[in-house]
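The structure appears below as structure tokens.
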Amino acid sequence: MIAFVSGPVAALAPDTAVVEVGGIGMAVQCTPGTLAALRVGQQARLATSLVVREDSLTLYGFADDDERQTFELLQTASGVGPRLAQAMLAVHSPDALRQAFASADEKALTAVPGIGKKGAQKLLLELKDRLGKPVGSATAAPAPAASGWRDQLHAALVGLGYAPREADEAVATVAPKAEAVVAEGGTPQVGQLLRAALQTLNRAR
């Protein structure tokens, strides 16, 4: 198993980072929050989980070991593959997920694309005692964003399976919130904006 990769970031895409390790470019699938903290040319260290399939080897990357462990625990539930587990971490931090399962919060789970009411109920039954107790504040996955938060958020929504038009509308909906943060001299958090955008999209469906 590849536990982590460390090296300069060679390239970034909406759902992938390429990290140079010993002269080899390792493509790592990451959540929008993790990608938002990376910069091309800068050093990065990502905790990783290798998913082996008959026709593919896919490396998933995370900001820390807690995210990786949560990613792997989520997949112990029936019907949860790496894509859905990563989508859950794109919307919620590990501790927010622990809080959701501890409090049987269906609404938090249905905010994730691909999880409906019945799916959320099933996951709550299967994973309630596997993730452990929350250890800190239950917030959306934190992600420091540069001035290009619009592009990062739009790419994240498209990467989660929404149509570009839907992503445009969701970005426009949360824009006032982000602009208010900028006006106060702060930096919009892509993870928090993503959660808000997903909630607007779920209400529209």
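Source: prediction; values computed, not measured.
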Leu73: what forms a side-chain contact (heavy atoms from CB on, under 4.5 Å) with it, not counting sequence neighbours? Gln69, Leu131
Could you tell me which residues satisfy side chain to side chain donor-acceptor pair (under 3.5 Å) with Ser78, sequence neighbours excluded, listed by chain and number? Lys122, Glu126
For Lys177, which residues count as a side-chain contact (heavy atoms from CB on, under 4.5 Å) partner, sequence neighbours excluded? Leu193, Ala196
Does Glu20 have any salt bridge (Lys or Arg N to Asp or Glu O under 4.0 Å) partners at least two apart in sequence or in another chain, and if so, which? none
Just so I know, are the side chains of Glu67 and Thr34 near enough to count as touching, which here means a heavy-atom distance under 4.5 Å? yes
Hey, could you give me each pair passing ring-ring contact (aromatic ring centres under 6.0 Å, His included) that has a residue in residues 9-60? Not counting sequence neighbours. Tyr60-Phe71
Report the residues that fulfil salt bridge (Lys or Arg N to Asp or Glu O under 4.0 Å) with Lys128, sequence neighbours left out, ordered by chain and then residue number. none
By side chain to side chain donor-acceptor pair (under 3.5 Å) - contacts of Lys117 (at least two apart): Glu106
Is the closest side-chain heavy-atom distance between Val112 and Leu198 below 4.5 Å? no
Residue set satisfying salt bridge (Lys or Arg N to Asp or Glu O under 4.0 Å) with Glu179, at least two apart, ordered chain then number -> Arg150
Using side-chain contact (heavy atoms from CB on, under 4.5 Å) as the criterion, list what pairs up with Asp66, not counting sequence neighbours. Asp64, Thr70, Pro94, Arg98
Which pair of non-hydrogen atoms, one from Val174 and one from Ala197, has the smallest distance, and what is that distance? CG1-N, 3.7 Å
Can you give me the closest heavy-atom contact between Ser6 and Val21, atom names plus distance? O-CG2, 3.8 Å
Within-4.5 Å side-chain heavy-atom neighbours: Thr16 and Val28: no
With side chains defined as the heavy atoms from C-beta onward, is the minimum distance between Met88 and Leu97 less than 4.5 Å? yes
Which atom of Leu46 lies closest to which atom of Cys30, heavy atoms considered: CD1-SG, 4.0 Å
Taking only residues two or more places apart in sequence or in another chain, which ones pass side chain to side chain donor-acceptor pair (under 3.5 Å) with Thr76? Arg130
Between atom CG of Leu124 and atom CG of Asp105, what is the distance when rounded to the nearest 0.5 Å? 8.0 Å
Once you round to the nearest 0.5 Å, how far does CZ of Phe4 lie from CG of Leu59? 12.0 Å
With a 4.5 Å cut-off on side-chain heavy atoms, are Arg45 and Val5 touching? no
Sub-4.5 Å side-chain heavy-atom contact between Pro32 and Leu153: no
Listed partners of Asp151 passing salt bridge (Lys or Arg N to Asp or Glu O under 4.0 Å), at least two apart: none
Side chains of Ile115 and Leu84: closer than 4.5 Å at any heavy-atom pair? yes
Value for CZ (Arg68) from OG (Ser49), rounded to nearest 0.5 Å, stands at 7.5 Å
Considering all heavy atoms, the nearest Ala44-Leu38 contact: CB-CD2, 3.7 Å
Gln29 side chain reached by Asp15 side chain, heavy atoms, under 4.5 Å: yes
Apply side chain to side chain donor-acceptor pair (under 3.5 Å) to Glu169 and list each qualifying residue two or more places apart in sequence or on a separate chain. Arg165
